[in-house]
There are 2 protein chains.
Amino acid sequence: MDTNRKRILIADDEPDIIEIIQYNLKQEGYEVFSAKDGDEALVRAKELKPDLVILDIMMPKRNGVEVCRIMRTQTAFENTLIIFLTALSDESSQIKGLDTGADDYISKPISPKVLVSRVNALFRRHKQEDNGGVLVFDQLSIDPQQYMVKVDGRDVTLAKKEFELLYLLASKPGRVFLRNEILNQVWGNDVIVGDRTIDVHIRKVRQKLGMDCITTVKGVGYKFDI
Amino acid sequence: MDTNRKRILIADDEPDIIEIIQYNLKQEGYEVFSAKDGDEALVRAKELKPDLVILDIMMPKRNGVEVCRIMRTQTAFENTLIIFLTALSDESSQIKGLDTGADDYISKPISPKVLVSRVNALFRRHKQEDNGGVLVFDQLSIDPQQYMVKVDGRDVTLAKKEFELLYLLASKPGRVFLRNEILNQVWGNDVIVGDRTIDVHIRKVRQKLGMDCITTVKGVGYKFDI
DNA sequence: CCGGTCTATTAAGAAATTGTGAACTTACCG
DNA sequence: CGGTAAGTTCACAATTTCTTAATAGACCGG
């Protein structure tokens with residue numbers, strides 16, 4: 001599915017470099033785009049929302065360091081990875097780059113192997129930080145990718161609605177969800193079910209978890225508390 | 001035995017450099033050997049079969065680039081990693097080095113930290129890429145190159161769709177794949193098949209494997225668990 | 001304590017989803 | 001052309017999940 005494919009934007013003024021990078025990253029299954037100078041890089045980054053931007057340090061209009069600095073001031077790019085391409089292998093420019101907020105640098109001339117494995121490594125690392133929506137609490141973790149809940153290390157299997165209900169509540173601990181909100185989020189705006197249905201599901205979740213983390217707020221709704 | 005420890009061969013004509021590299025890599029638990037020129041490097045590489053060779057570009061007898069090129073022509077070294085040591089100033093040699101098939105290079109003067117993390121990173125990456133996508137679990141291995149599956153040492157032949165289905169699920173153990181995802185990945189975005197088709201294939205896989213590693217998540221999809 | 005309002009619990013059956021065996025279609029190969 | 005295997009579909013069985021309805025319990029102000 002294309003929503004899973006990572007997008008990479010390359011900014012460099014040398015078409016040959018773009019070509020070689022583009023080819024190798026496409027081979028790896030990435031979706032790759034390019035820009036030929038700093039200004040274009042910023043424009044395309046805004047429209048494409050890439051996961052990774054590879055910036056040549058030396059570019060017309062705006063150089064890579066400037067582009068990086070600008071991107072880092074914008075929240076839209078707070079999760080965007082940045083790699084610098086540098087012709088200078090000297091440490092001072094490397095340090096400068098990483099200071100500005102880049103995540104890695106690659107020295108020219110480019111080795112496809114190095115490029116690809118650095119890029120892969122960066123995504124791997126980054127993925128570990130963004131754990132795919134898993135909610136973690138002291139004795140409880142909720143993994144939406146696996147539709148799986150762990151309580152004190154013990155696996156608990158919830159049915160679809162039960163899981164979605166728990167996940168909704170746990171996504172904002174402490175916040176009270178109105179019964180209507182719950183209906184809309186878990187059942188859908190148009191589905192009509194009786195009020196007791198929620199109660200029954202809440203009960204099953206409480207039962208299966210074997211711990212008291214869902215609090216009833218009388219006349220209002222439910223909240224997750226831990 | 002030391003079969004698990006990675007072997008590293010260093011070739012450099014400066015004893016000081018060898019010393020510093022050797023010390024730091026041994027600290028990391030690697031088994032480290034050395035050679036003082038290009039010829040000796042080739043000889044020792046043949047007898048030691050190291051996992052990684054660190055070559056100084058400037059060496060007597062044969063320089064690093066030559067050694068690398070020779071090694072790359074021999075199948076015995078096709079999985080051997082190569083790192084070049086280059087002097088900072090010497091950019092053109094970097095070009096040659098990466099062209100010749102090296103996997104990374106490190107500039108002198110050497111920073112122990114950089115050295116160690118580059119070496120570790122290289123092994124880390126290589127480990128993940130070296131087995132051609134074969135998935136290995138305790139009682140089960142799945143080889144996509146041969147469309148072959150082994151269960152407890154016994155060969156199991158799966159049909160194309162069956163195999164692709166299993167491989168998809170097993171590629172991310174624990175993760176639930178939605179029926180739609182499965183359809184897109186295994187059948188293709190545009191192919192339209194009935195709902196029961198997936199079930200039937202799942203059943204055949206379960207049947208043939210004779211073990212319970214595919215879990216149904218009702219209303220959601222299937223996942224591989226072991 | 002009482003009536004009113006809301007939630008908890010339970011069991012039953014309705015609804016949805018998946019499993020299964022058999023039949024059918026298609027593709028391939030000698 | 002016939003035989004074999006893969007892939008698909010269908011009808012129905014089996015199972016799980018969801019919903020409801022009925023009843024019991026909790027809470028609150030008067």
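Labels below follow one simple rule: chain letters A, B, ... track the order of the sequence lines, proteins then strands, and each chain is numbered from 1.
- The nucleotide whose nearest atom lies closest to any side-chain atom of A/Thr197 is, among D/dT8, D/dT19, C/dT18, D/dT19.
- Ring pair A/Trp187/A/His201 is perpendicular by interplanar angle, where above 60° counts as perpendicular and below 30° as parallel.
- With D/dT8, C/dA8, D/dT19 as the choices, the nucleotide that has an atom nearest any side-chain atom of A/Tyr222 turns out to be C/dA8.
- In this structure, A/Arg196 places its CZ atom 16 Å from P of D/dA26, rounding to the nearest Å.
- Residue A/Trp187 places no side-chain N or O under 4.0 Å from the OP1 or OP2 atom of D/dC18.
- Spacing between atom CD1 of B/Ile214 and atom C1' of C/dT20 amounts to 16 Å, rounded to whole angstrom units.
- Rounded to an integer number of Å, the gap from CD1 of A/Ile182 to P of C/dT7 is 10 Å.
- Between B/Glu162 atom CD and D/dT8 atom P the separation is 11 Å, expressed in whole Å.
- Rounded to whole angstrom, the span from the CD1 atom of B/Ile198 across to the P atom of D/dT8 amounts to 10 Å.
- Of the two residues near DNA chain C, B/Val200 and B/Gly221, the one whose nearest nucleotide lies more 5' is B/Gly221.
- Looking at the side chain of B/Thr216, the nearest of the listed nucleotides D/dC18, C/dA8, C/dG19 is C/dG19.
- Atom P of nucleotide D/dA5 and atom NZ of B/Lys161 are separated by 19 Å, given to the nearest angstrom.
- Distances were taken from every side-chain heavy atom of A/Ala159 (C-beta onward) to each of D/dT17, C/dA8, D/dT9; the shortest belongs to D/dT17.
- The base of C/dG19 is not paired with the side chain of B/Arg206 by any donor and acceptor separated by under 3.5 Å.
- At a cut-off of 3.5 angstrom, the base of C/dT18 holds no donor-acceptor pair with the side chain of B/Lys218.
- The separation between B/Arg203 atom CZ and D/dT9 atom C1' is 12 Å, rounded to whole Å.
- Side chain to side chain, A/Glu164 and A/Tyr147 meet the donor-acceptor criterion of an N or O pair below 3.5 Å.
- Within the model, atoms CG of B/Leu42 and CG of B/Leu9 stand 9.5 Å from one another, a figure rounded to the nearest 0.5 Å.
- Rounding to whole angstrom units, NE2 of residue A/His201 and C1' of D/dT20 are separated by 12 Å.
- Both tests do not hold together for B/Arg179 against B/Phe177: distance to the six-membered ring centre under 6.0 Å, angle to the ring axis within 45°.
- No donor-acceptor contact under 3.5 angstrom links the side chains of B/Thr80 and B/Arg7, judged on distance only.
- If you find the closest nucleotide of DNA chain D to B/Gly194 and to B/Leu158, the one lying nearer the 5' end belongs to B/Leu158.
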